[in-house]
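Report on one structure; see the data block that follows.
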Amino acid sequence: MSDDRIENRYEFRQIEAKWQKRWEEEDTFRVENSSDRPKFYGLDFFPYPSGAGISVGHCRNYIPLDVACRFKVMQGYNVLHPMGWDAFGQPAENEAIKRGRNPQEMVPEYAANYKRQLKLVGISYDWSREIDSSNPDYYRWTQWLFLLLYKRGLAYQANTPINWCPVDKTGLANEEVVNGRCWRCGTLVEKRPMPQWYFKITEYADRLITGLDTIQWSDGIKQQQREWIGRSDGAEVDFQVIGSDESIRVFTTRPDTLWGATFIVLAPEHPLVEKITEQNHKDAVKEYQDRAKKSTDIERQNTERAKTGVLTGAYADNPVTGEPIPIYIADYVLMGYGTGAIMAVPAHDQRDFEFARKYDIPVVLVYRSAPEQSADSMTEAIPAGGVMDSFLPSPGARTPASPFAGSPNNKDTVGKVVAWLQQYGVGKGVINYRLRDWLISRQRYWGAPIPIIHCAKCGPVPVPENQLPVLLPDVERYEPTGTGESPLAGIPEFVHTTCPNCGEPARRETDTMGGFACSSWYFLRFTDPHNQDMAFSPEAAKYWMPVDLYVGGAEHAVMHLLYARFWTKVIHDAGLVDFDEPFQKLRNQGMLLAHTAGREVKAENEEGNEEEAEDLLENWKILKPEEKLTIPEDQWIWRWVKMSKSKGNVVTPDEMAEKYGADSLRLYGLFVAPFEDTVQWTDKGIEASHRYINRLWRLWTELHPHYIPEWKSRIASEFSSVSLSAELRSLRRKLHQTIRKVAEDIEDFRFNTCVAALMEYTNELSLFRNNLSSEAPTMEQALTISELLESLPLLLAPLTPHLAEELWSRLGKRNSLYRESWPEFDAEAAADEAITIVVQVNGKVRDRLSVAPDTAQSEIERLALACEKVQTDLINKQLRKTIAVPGKLVNFVVG
RNA sequence: GCCCGGGUGGCGAAAUGGCAGACGCAAGGGUCUUAAAAACCCUGGCCGUAAGGCAUGCGGGUUCGAGUCCCGCCCCGGGCACCA
């Protein structure tokens with residue numbers, strides 16, 4: 001085999017390793033906190049480093065942002081592109097328990113493996129800024145920020161019944177309960193009372209909604225956040241319980257239907273139930289409450305279920321009619337929303353209607369579409385339409401006669417009624433949110449300890465700032481105690497301390513913070529990761545923040561993003577930063593699916609344990625490794641499912657880099673589909689990218705001998721006086737059009753068409769090469785070739801950086817092209833010499849004209865009309881109209 | 001049920017209201033080779049010999065012109081759900 005043949009093959013393993021080593025040695029990706037250049041902050045959601053390492057699925061997230069960041073550097077930006085580890089939290093702790101290891105040792109090991117893999121794919125992170133949320137240098141400041149919230153009255157402790165996961169043996173936030181099950185392990189959630197720390201995120205509910213209008217996120221994600229916060233405008237109305245001092249406060253969005261409120265419903269857990277229930281109803285009420293307590297959230301969430309409830313025997317006055325109305329308890333009213341009590345208006349609310357019909361409660365129409373309309377004939381509630389009836393109050397009413405007779409059923413009327421009710425002290429307008437306060441306490445070892453000391457005399461006292469961090473102690477046993485107490489509670493040296501206030505003996509808080517605390521500010525730490533005196537310096541944050549581009553999976557659409565926005569607003573209010581939205585632009589990459597072998601499973605026997613629930617979907621189950629040996633292959637049923645370790649269908653970047661190279665992997669991920677789309681992984685796809693890279697390499701190396709280093713000045717001076725051949729003009733045109741297209745597409749995150757544009761250019765270049773005679777090229781040819789030899793590595797630099805560096809160095813360039821400027825786009829060279837005008841008759845294409853771009857419109861229309869096919873169509877018909885779109889088409893309307 | 005996406009060749013996908021299917025995969029044919037692989041070149045929506053006609057989930061509409069806009073459905077994916 002001759003040396004030529006070796007030279008002709010792209011030795012990607014060697015070359016990629018060479019450049020990765022050089023980037024490392026030269027610290028190429030390091031970035032400073034100051035520059036004359038404008039800043040750009042590109043951030044990936046920081047991952048939890050699991051033992052499985054990253055999959056090519058993670059790469060769908062990291063590679064596109066890497067392309068964008070590398071491109072921004074070439075465009076002259078000072079780019080911050082950091083990476084770190086979301087290391088605290090239950091996944092790491094569970095993994096450590098499973099492996100019988102200490103998470104303090106295990107996590108850095110896993111993180112190092114992630115780092116190795118990310119380097120293998122050629123991601124341009126500034127590793128000098130690597131952070132680990134479980135490192136005391138980091139969580140010290142998480143604790144500091146906890147205290148900032150505490151001091152601003154935004155952290156409080158409440159002894160509340162919490163969601164309790166019997167498997168993870170820990171409390172769960174409402175947000176972590178999905179369909180009544182633990183969001184991580186899928187176990188049915190129980191209730192258990194526990195002193196818990198909460199953050200008052202509800203105080204920021206409105207700002208978390210309005211802030212959405214100032215940032216560039218997809219409408220879908222914004223909508224999800226709005227719904228999660230769930231603002232609804234309405235009123236609170238007080239109902240006096242007859243024969244008692246108590247009154248019941250209800251929340252309603254329809255105070256205008258108060259005249260039709262014929263009963264009241266309390267949630268079974270409502271504290272007033274005890275006080276107002278009549279003696280002869282106590283047994284029934286007690287029984288109903290017990291049943292409600294036992295029924296799972298799943299059952300209570302079933303909308304189809306018939307409404308049930310029982311009478312308390314107590315009555316309240318309807319404040320506007322003066323009529324006594326019965327008070328029920330029913331589980332369709334939730335203690336956690338509004339006031340835990342509703343006024344029921346069966347005529348205009350479907351749930352109330354069903355309940356009223358079942359228990360024979362009167363239905364009173366507030367709005368009628370026709371005077372003769374009667375409540376008796378109704379089969380369902382009428383939420384909209386009609387005009388309001390007139391109502392005369394009984395003597396017991398707290399208001400005069402309704403002045404709203406004839407008012408339409410709309411928002412305007414609601415507003416007027418609220419003002420009227422307010423005037424008579426019956427109710428007041430309020431805004432209610434679905435959002436609840438954020439439960440931060442975890443009775444777990446692997447988290448940042450909550451920096452509070454409980455003193456019998458002084459109550460909860462913050463740990464003084466100079467005593468931070470409250471170190472997570474080394475322990476023998478870090479498994480959950482199972483009693484609900486944190487493992488830290490079993491370590492006397494940790495628990496026993498003195499009160500910073502009075503010096504008396506005191507106890508440390510033993511709960512740790514949930515992982516969402518760590519991830520609510522890490523983007524700030526990256527701006528100043530080694531600061532020992534502050535969480536971050538105001539200057540660093542001011543320089544880098546907000547994040548210009550945040551990239552990650554849509555599964556974080558609600559919780560993480562909401563919490564991070566909340567903390568940022570608190571930090572802003574404390575005067576530490578001058579912005580209050582952390583992430584300007586957000587992009588969510590699509591899922592990556594792997595073709596996965598499974599087998600049919602009978603639907604009826606629900607194989608209930610959680611491990612199986614994971615991979616059981618629609619009568620189909622993923623084959624376990626041992627089953628692949630016993631079940632013949634022709635019985636396997638293949639489906640596309642999400643690539644993940646637990647499903648055993650992971651493809652790793654390591655094997656792909658080994659087989660095809662990192663650049664091939666990068667190119668495939670970018671090319672296969674739009675960034676946001678779900679992708680089905682195939683090896684065929686990466687093979688195609690690999691082929692393309694080899695093809696490009698061959699083309700480039702074949703043309704390389706014609707390279708003239710000083711081409712740029714000579715093109716500038718010579719090409720204006722020489723008339724280039726049409727072929728060379730066309731080749732330069734395509735090059736400059738590609739330069740423009742690639743830049744636009746990277747900017748818009750349209751990587752698939754970006755790669756396609758490069759392929760188109762390569763195809764054209766290939767034709768040119770084939771036509772090139774074996775003799776020495778002319779000077780014009782050599783200069784044109786030189787231009788593209790240099791432009792190609794620059795265009796490829798963000799996408800396939802290893803290949804690009806190698807080509808660049810072969811041009812005799814000494815420096816990495818990481819900081820080279822993006823190639824200049826020559827508008828003149830890119831201008832089309834001829835444009836195609838489509839000729840249509842009645843909107844159907846009949847012919848095409850190729851004309852110079854400056855051809856007069858009248859001339860174009862004359863040529864179009866002269867087309868043979870147009871003339872044929874005009875026989876025996878009349879030309880009625882001519883539509884002309886300059887530069888595009890001429891359409892003749894005939895009839 | 002509600003909210004957010006989406007439905008285009010055998011497949012992944014392109015297309016500011018203006019040539020539907022760029023680019024790629026798979027396929028077929030060819031060149032080179034003793035042969036194969038690799039590489040390179042060519043063909044390719046459907047019907048029709050052709051002229052031409054029909055094609056972007058289905059049905060309407062707006063428009064000179066609709067994959068794109070509007071109305072009504074069907075299907076797929078994701079999220080939320082007795083929210084008063």
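Every chain is numbered from 1 and lettered A, B, ... according to where its sequence line falls, protein lines coming before strand lines.
Which of B:G18, B:A84, B:C23 sits closest to the side chain of A:A756 comes down to B:C23. Nearest nucleotide to the A:W228 side chain, out of B:C41, B:C80, B:C19: B:C80. Here B:U16 is the nucleotide among B:A13, B:U16, B:C41 with the atom lying nearest to any side-chain atom of A:K888. Closest contact between the side chain of A:R351 and the listed nucleotides B:A84, B:G65, B:C19 involves B:A84. The side chain of A:T753 sits closest to B:A15 out of B:A15, B:C3, B:C83. Distances were taken from every side-chain heavy atom of A:R695 (C-beta onward) to each of B:C3, B:A14, B:C41; the shortest belongs to B:C41. In the set B:A84, B:G65, B:C19, B:C19 carries the atom at the smallest distance from any side-chain atom of A:V838. Distances were taken from every side-chain heavy atom of A:D331 (C-beta onward) to each of B:C82, B:G12, B:C4; the shortest belongs to B:C82. Of the listed nucleotides (B:C3, B:A39, B:C83), B:C83 has the atom at the smallest distance from the side chain of A:Y337. Distances were taken from every side-chain heavy atom of A:M759 (C-beta onward) to each of B:C40, B:C23, B:G12; the shortest belongs to B:C23.
Atom pair A:E687:CD and B:A37:C1' shows a separation of 13 Å (rounding to whole Å applied). Atom CD of A:Q223 is separated from atom P of B:G79 by 16 Å (rounded to the nearest Å). Put simply, CD on A:E236 is 18 Å from P on B:C83, counting in whole angstrom units. Rounded to a whole Å, the CG atom of A:D677 is 13 Å from the C1' atom of B:G78. Separating the CD1 atom of A:I229 from the P atom of B:C3 is a distance of 19 Å, rounded to the nearest angstrom. Distance, A:L592 CG to B:G77 P: 18 Å, rounded to whole Å. One can place CZ of A:R846 at 12 Å from P of B:A51, the figure rounded to the nearest angstrom. Nucleotide B:A84 holds its P atom 18 Å from the CD1 atom of A:I264, rounded to whole Å.
Nearest-nucleotide mapping onto RNA chain B: of A:L767 and A:G843, the residue sitting toward the 5' end is A:L767.
The residue A:Y692 sits apart from the nucleic acid: no heavy atom pair falls under 4.0 Å. Nucleic acid contact class of A:N763 (heavy atoms, under 4.0 Å, all strands): sugar-phosphate only. Within 4.0 Å of A:S766, counting heavy atoms only, lie sugar-phosphate atoms of the nucleic acid but no base atom. Using a 4.0 Å heavy-atom distance criterion, A:D219 is classed as making no nucleic acid contact. Across all strands shown, A:V885 has heavy atoms under 4.0 Å from base atoms, whether or not it also approaches the sugar-phosphate. Heavy atoms of A:R231 sit nowhere under 4.0 angstrom from any nucleic acid atom. Using a 4.0 Å heavy-atom criterion, one finds that A:D349 contacts no nucleic acid atom at all.
With hydrogens and angles left out, the side chain of A:K307 and the base of B:C82 share a donor-acceptor pair within 3.5 Å. No N or O donor and acceptor, one from the side chain of A:E676 and one from the base of B:G5, sit under 3.5 Å apart.
Not one side-chain nitrogen or oxygen of A:N752 sits closer than 4.0 Å to the OP1 or OP2 atom of B:G12. Contact between the side-chain N/O atoms of A:N891 and the OP1/OP2 oxygens of B:U63 is not found at any separation under 4.0 Å. The shortest distance between the side-chain N/O atoms of A:K844 and the OP1/OP2 oxygens of B:C54 is below 4.0 Å. Remark: A:R769 is not in phosphate contact with B:C40, judged by side-chain N or O atoms under 4.0 Å from OP1 or OP2. In terms of phosphate contacts, A:N770 brings a side-chain nitrogen or oxygen within less than 4.0 Å of OP1 or OP2 of B:C41. When the side-chain nitrogen and oxygen atoms of A:K684 are compared with OP1 and OP2 of B:C25, none of them lie within a distance under 4.0 Å. In this structure, A:R750 reaches the B:A15 phosphate: one of its side-chain N or O atoms is under 4.0 Å from OP1 or OP2.
Although no hydrogens or angles enter the test, the distance criterion places a donor-acceptor pair under 3.5 Å between the side chain of A:N410 and the main chain of A:T413.
When the C1' atom is compared between B:A22 and B:G72, the two are found 34 Å apart, to the nearest whole Å. Nucleotides B:C74 and B:C64 place their P atoms 32 Å apart, quoted to the nearest Å. On the C1' atoms, B:G78 is 45 Å away from B:G29, given to the nearest whole Å. Atom P of B:U34 sits at a distance of 28 Å from the matching atom of B:U43, rounded to the whole Å. Here, B:C40 and B:G57 have their P atoms 35 Å apart, quoted to the whole Å. The same atom, C1', is picked in B:U56 and in B:U68; the two are 10 Å apart, to the nearest Å. When the P atom is compared between B:G30 and B:A13, the two are found 33 Å apart, to the nearest whole Å. Between B:A81 and B:G67, the distance separating the two C1' atoms is 34 Å to the nearest Å.
Salt bridge A:K741/A:E760: absent, no basic N to carboxylate O contact under 4.0 Å. A:E227 has no carboxylate O lying under 4.0 Å from a charged side-chain N of A:R434, or vice versa, which leaves the two without a salt bridge. For A:R226 and A:D213, the salt-bridge test passes: some basic side-chain N is under 4.0 Å from an acidic carboxylate O. The residues A:R846 and A:D873 are annotated as salt-bridged, a charged nitrogen and a carboxylate oxygen being separated by less than 4.0 angstrom.
A syn base is found at B:G9: its glycosidic angle is within 90° of 0.
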Encoded 5' to 3' (Watson-Crick or G-U under 3.5 Å; [ ] crossing; | other strand), RNA chain B becomes (((((((..(((.....[....))).(((((.......))))).(((....)))..(((((..]....))))))))))))....
Between A:E676 and A:R587, is the salt bridge (charged side-chain N to carboxylate O under 4.0 Å, His left out) condition met? List the steps. CA-CA 8 Å; A:E676 286 86 359; A:R587 294 274 190 171; 3.1 Å; yes
Could you please spell out the steps behind the side chain to side chain donor-acceptor pair (under 3.5 Å) verdict for A:D256 and A:Y367?
-> CA-CA 10 Å; A:D256 54 317; A:Y367 292 96; 2.6 Å; yes
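Surrounding NZ of A:K358 are more than 12 heavy atoms belonging to other residues, nucleotides or ligands, all under 6.0 Å away. The 12-atom threshold is not exceeded at CG of A:D219, counting heavy atoms of other residues, nucleotides or ligands nearer than 6.0 Å.
Here A:F355 and A:F263 bring their ring centres to under 6.0 angstrom of each other.
If you check the side chains of A:T800 and A:Y692, you find no donor sitting under 3.5 Å from an acceptor.
Put simply, the residue from A:V56, A:V651, A:L665 that forms a side chain to side chain contact (heavy atoms under 4.5 Å, CB included) with A:I686 is A:L665.
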